[in-house]
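Everything numeric in this text was worked out from a predicted model, so none of it was measured. First listed ligand is number 1; within each ligand, the first listed atom is number 1.
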Amino acid sequence: MSSPDNELWQQSWRDGRMAFHQAEVNPLLAHYWSSLGLPPGGTVFVPLCGRSLDLVWLAEQGHQVVGCELSPVAVRDFFRQQRLTPTQTTLGPLTLWQHGAIRIYCGDFFALMPEHLGTIAAVYDRAALTALPESARAGYVEHLRQLTPENCPVFLLTAEDPEEGETDDRFPEISSEITQLYSARFAIDLAHSERRLETRREADGNPPQCIELRLYRLLPY
Ligand SMILES: C[S@@+](CC[C@H](N)C(=O)[O-])C[C@H]1O[C@@H](n2cnc3c(N)ncnc32)[C@H](O)[C@@H]1O
């Protein structure tokens, strides 16, 4: 990802513009996570984690949780809001913030190395792939592949623009981009799809927008 994009994210956190942030645990995470059938105690990697409450929910399920987030404002706010005092360790371009079962590497996802993460049992991606510009997504998927074992499933939540001409009542389909990015390594199961009028971005000066919320379970072959 180019550094101008990184600077835009840093600035939105400094300005408090975070329409993507959810005040509650993601309901699809809570409903579908157990369907991955993970052994208890495995480590879940949450790339581009923001200050998501989903980190806390995953830890409450007995997982070790490791996130990565560019903005120190987001990481600081996350621990403050949980009333936790994390340790901080500088590791080259990254700073590791840690408390209990939750570790967050603050810095660029693309600077993470496999040794930072250890063995990952599953990836939880909510609006990480889709936060990146389309041109950076193949690089993101490739870097994720390098960071995780071959047998690691991905729980992928996306917000996608409906394709032109698509109607509300059509049969939900895996988007061509998701097929292109993941089908070489994963069986792709579209577990949930819904169309929603997104109004939360209005606070950032954007008009309401129709989006498709989708949950894909990516299961390694
Ligand atoms: C759309 S938000 C999603 C955050 C979180 N997954 C959630 O559900 O609330 C994307 C997040 O990725 C972070 N981000 C963007 N580019 C990044 C990068 N290259 N490395 C690490 N974090 C990044 C942004 O600061 C932002 O917090």
Side-chain angles (χ1 to χ4, degrees), residues 1-33 44-59 63 65-82 91-97 102-114 116-117 120 122-144 146-148 154-161 192 196 198 200-201 203-204 206 209 211-216:
M1 182 180 202
S2 64
S3 50
D5 284 316
N6 286 5
E7 187 41 46
L8 288 175
W9 281 112
Q10 301 269 25
Q11 193 58 48
S12 10
W13 278 104
R14 285 193 291 263
D15 295 347
R17 284 182 287 113
M18 56 199 69
F20 56 82
H21 180 73
Q22 307 172 120
E24 309 281 341
V25 171
N26 186 284
L28 295 174
L29 170 66
H31 188 76
Y32 285 98
W33 182 255
V44 179
F45 177 41
V46 187
L48 284 64
C49 62
R51 60 164 199 220
S52 173
L53 295 175
D54 299 343
L55 299 164
V56 179
W57 187 87
L58 287 163
H63 293 294
V65 180
V66 54
C68 176
E69 168 55 48
L70 197 57
S71 165
V73 174
V75 181
R76 183 201 61 200
D77 287 359
F78 170 79
F79 284 106
R80 268 193 194 161
Q81 287 172 0
Q82 297 307 313
L91 299 163
L94 301 165
T95 304
L96 172 61
W97 299 54
I102 300 180
R103 288 183 284 154
I104 301 179
Y105 284 96
C106 186
D108 193 334
F109 166 79
F110 293 97
L112 270 179
M113 295 293 138
H116 292 123
L117 299 185
I120 299 298
V123 172
Y124 173 63
D125 172 332
R126 175 192 173 255
L129 172 76
T130 48
L132 296 170
E134 276 182 37
S135 59
R137 292 180 187 171
Y140 165 83
V141 172
E142 172 54 21
H143 195 56
L144 206 50
Q146 290 170 13
L147 293 172
T148 54
V154 178
F155 191 100
L156 173 64
L157 288 164
T158 63
E160 300 169 43
D161 292 333
H192 180 89
R196 188 178 284 180
E198 192 62 271
R200 285 180 305 163
R201 288 157 46 87
D204 293 347
N206 297 299
Q209 195 190 353
I211 52 160
E212 288 283 337
L213 293 179
R214 290 187 174 138
L215 162 61
Y216 298 99

Proximal atoms of ligand 1 relative to Gly107 (non-hydrogen, under 4.0 Å): 20 (N), 21 (C)

Of all the heavy-atom pairs spanning Phe79 and Ile102, show the shortest one and how long it is. CZ-O, 4.2 Å

Find out whether Trp97 and Glu69 are in side-chain contact, i.e. whether some heavy atom of one side chain is under 4.5 Å from a heavy atom of the other. no

Side chains of Val123 and Pro47: does their closest heavy-atom pair fall under 4.5 Å? yes

Counting each atom of ligand 1 from 1 as listed, which ones have a heavy atom of Asn6 under 4.0 Å away? 19 (N)

Nearest heavy-atom approach of Arg51 to His21 is O-CE1, 3.3 Å

With the threshold set at under 4.0 angstrom, would you say Ser12 reaches ligand 1 through any of its heavy atoms? no

Quick one: are Tyr124 and Val65 in side-chain contact, heavy atoms under 4.5 Å? no

Please could you name the atoms of ligand 1 that Asp108 approaches to less than 4.0 Å, counting only its heavy atoms? 18 (C), 19 (N), 20 (N)

Does Cys49 have a non-hydrogen atom less than 4.0 Å from ligand 1? yes

Is there a nitrogen or oxygen of Leu132 sitting under 3.5 Å from a nitrogen or oxygen of ligand 1? no

Which of the numbered atoms in ligand 1 are under 4.0 angstrom from any heavy atom belonging to Trp13? 24 (C), 25 (O), 26 (C), 27 (O)

With a cut-off of 4.0 Å, which atoms of ligand 1 are near a heavy atom of Ala131? 1 (C), 10 (C)

Flag Phe109 as yes when one of its N or O atoms lies below 3.5 Å from any N or O atom of ligand 1, and as no otherwise. yes

